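These notes concern the structure reproduced below.
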There are 2 protein chains.
Amino acid sequence: MARRQTREHIIAEADRLFYESGFETTSFADIAAAVAITRGNFYYHFKTKDEILSAVIKKRMADRLKMLEAWETDRTPSERIRAFIEILITNQTKIRAFGCPIGTLATELKKLNHAARGEAVALFDVFRDWLGRQFFDLGFKARSDDLAMHVLMRSQGVASLATAYNDLKFIQREVEDLCRWLDAEVQSLNGK
Amino acid sequence: MARRQTREHIIAEADRLFYESGFETTSFADIAAAVAITRGNFYYHFKTKDEILSAVIKKRMADRLKMLEAWETDRTPSERIRAFIEILITNQTKIRAFGCPIGTLATELKKLNHAARGEAVALFDVFRDWLGRQFFDLGFKARSDDLAMHVLMRSQGVASLATAYNDLKFIQREVEDLCRWLDAEVQSLNGK
DNA sequence: GTCTATACAGCGATAGAC
DNA sequence: GTCTATCGCTGTATAGAC
């Protein structure tokens, strides 16, 4: 297989395994088995485990930016925020099983005191900045970052409890509640 | 040292290390070093790592129940809920460094597919049931569990982002917002 | 670019002396 | 009740054949 393909295959499987089992738990052998190559070959592509981690974080960042970019056309800012909230529904099966890929990684790296913990937070920033821009465009000039953090906070909270209780109805209820909150905020802004 | 004392010392140090570094990362050697005993002696008290985990979860459960019981005297239900919300302020230093002890453990055990993952969720149930009882006593008969889950969800979300961003102002802002939400809910109930 | 072989540290766990 | 010694396994990582 070509160098590029094998490398991307490794990153994709590592991404999945880090999400489903955690970064520390996942061994080189696990990833090599998933890619169906030997451990020896593995080291041709990545010298250390931290190198794979960095590559996985970079891939996650690129994936999210691509998703957000796809929402830029034919959508109003509040429709975009709603699309973000509804990720909780779209990805509910995986979230109930493994939580939020970004939140759980950031927490794990923080506890490990891992050098890449800052890169994991940069993943949060992708959504924080994007959400902040949507709120800004809606007219919440001064409060745009606070509101972005609030939406991010609630999606993290829903993911956390959805994982613990594996409860779809809970997710649906909280998504509806968050959308109602959004409508009320927008209305109270325009009512002024 | 007496058997009982050493055992409780081990549980206390394991509790701290599991919280600060995670369950999997913490080795027998780490705990033994913290307690200042040898690994060999360690096994006199606990035969397997899962035994320590169970003991730690039991201790956490007892600690939380004791805290909630102390709030039972001289407090109205809404004052009790407020006391729960303000844990985020009281424990802000540790939460910013390591997240919520219950949420992060539940998430980790779920990813490890660990046999004790259900016991970790039982820790959530302590707060869920207790919050539900407070809301029920306030008069939210049918919605009491939903509201308990909502408060739990938001405290999880705040803890998650507070850990990522190490941001005290964010915690204070969201605690105030959650208290305002509580007041509004109580008022709209009594207004009916 | 992929493989085998191997080094070495640390893990959970056990046996037995004191 | 605490210790030393040791086992078997798995982890990351390296060297070198093909």
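In what follows, chains are A, B, ... by sequence order, proteins preceding strands, each numbered from 1. Remember, predicted model here, so these are calculated numbers, not experimental data.
- None of A:Phe136, A:Phe124, A:Trp71 except one satisfies the ring pair (Phe, Tyr, Trp, His ring centres under 6.0 Å) rule with A:Trp130; the exception is A:Trp71.
- For A:Thr48, no side-chain nitrogen or oxygen approaches OP1 or OP2 of D:dT12 to under 4.0 Å.
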Salt bridge (charged side-chain N to carboxylate O under 4.0 Å, His left out) between B:Glu13 and B:Arg16: does it pass, once the steps are laid out? CA-CA 5 Å; B:Glu13 289 299 316; B:Arg16 183 180 62 81; 2.8 Å; yes

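- Geometric assessment of B:Arg128 against the ring of A:Tyr165 yields a positive cation-pi assignment under the 6.0 Å and 45° thresholds.
- For the pair B:Lys49 and B:Phe23, the cation-pi criterion (under 6.0 Å, within 45° of the ring axis) is fulfilled.
- For the pair A:Arg7 CZ and C:dT2 P, the interatomic distance rounds to 13 Å; values are reported in whole Å.
- Ion pairing between a basic and an acidic side chain is recognised when a charged N comes within 4.0 Å of a carboxylate O; B:Lys110 and A:Glu20 show no such pairing.
- Proximity of residues 34-44 of chain B to DNA chain D (heavy atom under 4.0 angstrom from any strand atom) is restricted to B:Ile37, B:Thr38, B:Gly40, B:Asn41, B:Tyr44.
- For C:dG10, neither phosphate oxygen OP1 nor OP2 lies less than 4.0 angstrom from any side-chain nitrogen or oxygen of B:Ser27.
- Remark: P of C:dA9 and CG of B:Asp30 are 18 Å apart, rounded to the nearest angstrom.
- Per the geometry, NE2 belonging to A:His9 stands 16 Å off P belonging to C:dG1, to the nearest Å.
- One can place NZ of A:Lys47 at 10 Å from P of D:dA15, the figure rounded to the nearest angstrom.
- Look at CZ on A:Phe46: it is 14 Å from P on D:dT12, rounded to the nearest Å.
- Residues A:Arg133 and A:Ser144 form no side-chain contact, since every pair of their non-hydrogen atoms from C-beta on lies 4.5 Å or further apart.
- In this structure, NE2 of A:His45 is placed 16 Å from C1' of D:dA13, rounded to the nearest angstrom.
- Between the CZ atom of B:Phe28 and the C1' atom of D:dG8 there is a distance of 16 Å, rounded to whole Å.
- As rounded to whole Å, 16 Å separates atom P of C:dT2 from atom CD1 of A:Ile31.
- The phosphate of C:dT2 (OP1 or OP2) has a side-chain N or O of A:Thr6 nearer than 4.0 angstrom.
- Here B:Thr25 lies out of heavy-atom contact (under 4.0 Å) with every strand.
- A:Asp63 pairs in a salt bridge (charged side-chain N to carboxylate O under 4.0 Å, His left out) with only one of the listed residues (A:Arg60, A:Lys66, A:Lys59), which is A:Lys59.
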